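Working notes, beginning with the structure itself.
Predicted model only: the values in this text are computed from it and were never measured. Side chains included, hydrogens not; waters and symmetry mates left out as well; all remaining heavy atoms used. Naming convention: chains lettered A, B, ... in sequence-line order (proteins, then strands); numbering from 1 in each chain.
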Protein chains: 2
Amino acid sequence: MAPPPRRPPEPDSAKPRLNRDLVLTTALRLVDTGGLEALSMRRLGQELQCDPMALYRYAASRAELLDGVTELVLDELVIDADTSDWQEQLRRTAHAVRRLALQHPNAVPLLVTRPLSTPLGMRPLGMLRPLELILTLLIRTGFTPPDALHVYRAYYGFLYGHILNELQETVVNPEEEEPLLRLALYRLPPREFPRLRELAPVLAEYDGAAELDAGLDILLSGLAQKLKTDPADHSR
Amino acid sequence: MAPPPRRPPEPDSAKPRLNRDLVLTTALRLVDTGGLEALSMRRLGQELQCDPMALYRYAASRAELLDGVTELVLDELVIDADTSDWQEQLRRTAHAVRRLALQHPNAVPLLVTRPLSTPLGMRPLGMLRPLELILTLLIRTGFTPPDALHVYRAYYGFLYGHILNELQETVVNPEEEEPLLRLALYRLPPREFPRLRELAPVLAEYDGAAELDAGLDILLSGLAQKLKTDPADHSR
DNA sequence: ACCTGAACACCGTTCAAGT
DNA sequence: ACCTGAACACCGTTCAAGT
């Protein structure tokens, strides 16, 4: 984008020891393998074999480091605008986001939580890019900008809700842990939790992709319906 | 529920210095006023004027303390089953959860994040109670148990998604910060973020309750529709 | 001007020593 | 048997001292 920031003149064989991308990639790896609390400045410095203080060149604080990791994950998301069917497009994107979340489950708390600490306008650009892309897509296929925003909100809300849901119900080793889930549920006091206990077998068969599609069916048809019946309501 | 756990015999005027409820209430207060990172064992001990180690009687680790705070917040939720209209009931509950989130915004990351670290079956009972209550409600009004679970998932997913959405867009002082939001958005590179910039005025007028209701309209009518057309599909 | 690392002010938790 | 608090192994970040 902008020209690369000034850098000390170097003989072309000497690569810079560190750069932002390497720092963030390594940080994400730490999160992926050890969870969020495994990512500390000191641990990261050790991983990169550098003084922890050196990292502050690439992220001014741990909070900014976390934002950087969030951006990095979101950068993996590809939203191709090659189809003109907005419903199909939103559906594909939803599944792409779902896959991303399953690939980086430990980073999901970051995705849902970092934006809470930073007002929309001051977020790193990488966190706003998917929003802009989806707005563009919706507006291009005929929605007014305010309607596009409404659709985005309903869609994004549902999508992130689903992902939280799925990760909550997902167990690491389905085959091995399913009996464990049953056992755990039967441990619940029967008087107080009859329904949950009774649903143990159904809970064990959770199918995330199908559940997501079922939800999208409802949401998308509802949105299409609503926006067809009052296409000019941008009063709010 | 169960008889209170054994306690050293005490003259009836001597109240126990500490108890779980006091510990959790104070912990929640710390979170409410200072955010999640203001809640440390040491700080909490200092607030309760006791040795930090004494807290380990009431929560075996910081993680369990966080779970306890989550339970405490969820306990504030009242789901009254006095109406027979499930849609109305879910709508009221959704607004109750929304109000709860707005009352304890700093605890929301806990609500969405804690369940990710604990398999459903081993969660503290307080975290499972709302799930059981809503399942009961849905089954009582005629849903089969598996359908009730599907409805719950779509509903809960949407609801939590909305809350994350709303808290992300919410600014602390609307009057004062609205110009700031505009300013921040205009700071975005125009070539890359034309849509977001153009939507600045609309973003500034976000109305959470209305947005929630609009989403619920879509979701609930979609659910009612779907479950009416294939009422016996519990195959999955 | 930049980089380094010692030092500060915190953490959660273990465990030995007291009662 | 229970409770206390010193000690351990970590943190993020500041800032003075080096280059």
Let's see if you can work this out: which of [options] has an atom nearest to the side-chain heavy atoms of [X]?
X       : options                : value
A:Arg43 : D:dC3, D:dC11, C:dG12  : D:dC11
B:Tyr56 : D:dC2, C:dT13, D:dC11  : C:dT13
B:Asp51 : C:dT4, C:dA7, D:dT4    : D:dT4
B:Arg42 : C:dT13, D:dC11, C:dG12 : C:dG12
B:Ala54 : D:dT13, D:dT4, C:dG12  : D:dT4

With a 4.0 Å cut-off on N to O distance, would you call A:Arg129 and A:Glu132 a salt bridge?
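Salt bridge flag = no for A:Glu132 with A:Arg129.
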Under-4.0 Å salt bridge between A:Glu71 and A:Arg20:
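So A:Glu71 pairs with A:Arg20 through a salt bridge.
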Given 3.5 Å as the limit, does a donor-acceptor pair link the side chain of A:Tyr155 with the main chain of A:Leu90, or not?
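Looks like yes, one N/O pair under 3.5 Å.
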For A:Arg187 and B:Gly121, indicate whether the former's side chain and the latter's backbone hold a donor-acceptor pair under 3.5 Å.
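Checked: pair present.
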Would you check if A:Tyr160 and B:Asn165 make a side-chain contact, meaning some heavy-atom pair closer than 4.5 Å?
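The answer is no, as the side chains (C-beta and beyond) never meet within the 4.5 Å cut-off.
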Name the nucleic acid region contacted by A:Arg62, choosing base, sugar-phosphate or nothing; use a 4.0 angstrom heavy-atom cut-off, strictly under.
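A:Arg62: backbone/sugar contact only, no base atoms under 4.0 Å.
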Using a heavy-atom cut-off of under 4.0 Å over every strand shown, decide if A:Met53 touches base, sugar-phosphate, or nothing.
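It contacts base atoms.
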Nearest-angstrom distance from the residue atom CE of B:Met41 to C1' of C:dT14:
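About 13 Å, once rounded to whole Å.
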Rounded to the nearest Å, what distance is computed from the CG atom of residue B:Leu55 to the P atom of nucleotide D:dC3?
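To the nearest whole Å, that distance equals 13 Å.
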Nearest heavy atoms of B:Ala54 and B:Leu18, plus distance in Å
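Minimum heavy-atom separation between B:Ala54 and B:Leu18: CB-CD2, 4.4 Å.
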Could you spell out the base pairing of DNA chain C as a dot-bracket line? Use Watson-Crick and G-U wobble contacts where both distances are under 3.5 Å, [ ] for crossing pairs, | for partners on a different strand.
||.|||||...|||||.||
Under 4.0 Å from any atom of DNA chain C, heavy atoms only: list the residues of residues 29-36 of chain B that qualify, in numerical order.
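Those residues: none at all.
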